[in-house]
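We're numbering straight along the sequence, starting at 1.
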Amino acid sequence: MNGGYQYIKVEQVERVVTITFQREAKLNAMNSIMMSELTDCFQKLDEQIDVLAIILTGCGKAFMAGADIEEYSGFDLGAFFAFQNKGRQMYRAIEECSKPVIAAVNGYALGGGFEMVLACDLVIASDRAKFGLPEINLGLVPGGGGVQKALRAVGPYVAKEILMTGRFLLAEEARELRIVNRVAAPDQLLEEAMTMAKDIARKAPLAVQGLKKLVNEGRDASLESAQAYDRAYLANLFYSADAKEGISAFVEKRPPVFKGK
């Protein structure tokens, strides 16, 4: 899958797609075109049955250095609001994509780039990566979901510190705050991400997709409601061909062959 995109490169290896941001001269800052390309790409990948996991990364020394400030600096309020809505549509396409999305953070993940990380399901960071929401330095606040995502990720006190100071988090601190799953050497980052993606791609697709949905939607529900949703989803999966295959393979002591049905 190529798609003829200008600012993202899309590559598929087996059942894993890697999307690389391609605006190195701008530290991969998002402009309107990139936002539209990412939205389109994720909507298409969501429908591709031969894609079971997605990796996001950046070229050069940045993962993504936020939104392109030069683009929106001359906007009036209406244009700026439309720009923010386009960004929110992009993040929603990532969050609602049924496939698990792994952020392989190779460098700076700032502003909208940090919000991109927070929209993903799993995060592997280079030990040179830096995370931050520095919108406060522009007299602004994050508009792509960063405030509420940071609150839910690290709690109100740490979130307020990160947001109000605009300071950067190094990779190891981000891991300690449970924003990052793993920290890797720069030359091993993509290999680590691909290993994780291929491991997930070997699992039952319907169950993986269900887990993403259950965690994302259950996070803000009451415990009793979320657990009831879990049980209902489990009952539905029990009748799937993959569940029958998984149970049979366990009983017969052989590796399962899942088909996403």
Flag side-chain contact, heavy atom, 4.5 Å: [X] against [Y]:
| X | Y | value |
| --- | --- | --- |
| Val154 | Ile179 | yes |
| Ile8 | Gln22 | no |
| Arg254 | Ser248 | yes |

Looking at [Y] and [X], is any side-chain nitrogen of the basic one under 4.0 Å from a carboxylate oxygen of the acidic one?
| X | Y | value |
| --- | --- | --- |
| Glu115 | Arg88 | no |
| Lys149 | Glu95 | yes |
| Lys259 | Glu245 | no |

Step through the shown structure and confirm whether more than 12 heavy atoms of other residues, nucleotides or ligands are within 6.0 Å of [atom1] on [X].
| X | atom1 | result |
| --- | --- | --- |
| Lys244 | NZ | yes |
| Glu70 | CD | no |
| Glu191 | CD | no |
| Arg178 | CZ | no |
| Arg182 | CZ | no |

Show me, pair by pair, the donor-acceptor contacts under 3.5 angstrom made by side chains of residues 74-84, not counting sequence neighbours?
residue : atom : partner : partner atom : Å
Asp76   : OD1  : Gly78   : N            : 3.2
Asp76   : OD1  : Ala79   : N            : 2.8

Determine all donor-acceptor pairs shorter than 3.5 Å in which one atom belongs to a side chain in residues 198-209; sequence neighbours excluded.
none

Subject >> Matching residue for Pro100 among Ile55, Asp121, Leu52 - test: side chain to side chain contact (heavy atoms under 4.5 Å, CB included) >> reply: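 The residue from Ile55, Asp121, Leu52 that satisfies side chain to side chain contact (heavy atoms under 4.5 Å, CB included) with Pro100 turns out to be Asp121.
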Original post:
Under a single-linkage rule joining Ile, Leu, Val, Met, Phe, Trp and Tyr whose side-chain heavy atoms are separated by less than 4.5 Å, which residues share a cluster with Phe168?
Top reply: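 Via sub-4.5 Å side-chain contacts, Phe168 links to Tyr108, Leu110.
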Subject >> Same apolar cluster (I L V M F W Y, side chains within < 4.5 Å links), Leu234/Phe258 >> reply: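 Cluster IDs for Leu234 and Phe258 differ.
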**OP:** Evaluate the criterion side chain to side chain donor-acceptor pair (under 3.5 Å) for residue pair Arg152 and Gln148; output intermediate values, then yes/no.
**Re:** CA-CA 6 Å; Arg152 286 158 175 75; Gln148 302 307 320; 3.1 Å; yes
Qualifying residues under salt bridge (charged side-chain N to carboxylate O under 4.0 Å, His left out), relative to [X], sequence neighbours excluded:
| X | result |
| --- | --- |
| Glu47 | none |
| Asp242 | none |
| Glu172 | Arg175 |

Original post:
When rounded to the nearest 0.5 angstrom, what distance separates CD1 in Ile247 from CZ in Phe238?
Top reply: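 Going from CD1 on Ile247 over to CZ on Phe238, the span is 5.0 Å.
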Original post:
Backbone N or O of Met30 within a donor-acceptor pair of the Asp68 side chain at under 3.5 Å?
Top reply: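 Not at all, since once roles are kept as given, no pair shorter than 3.5 Å links the two residues.
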**OP:** Would you check if there is a donor-acceptor pair between the side chains of Lys212 and Ser98 at a distance under 3.5 Å?
**Re:**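 Their side chains do not contain a donor-acceptor pair, so the 3.5 Å distance test is not met.
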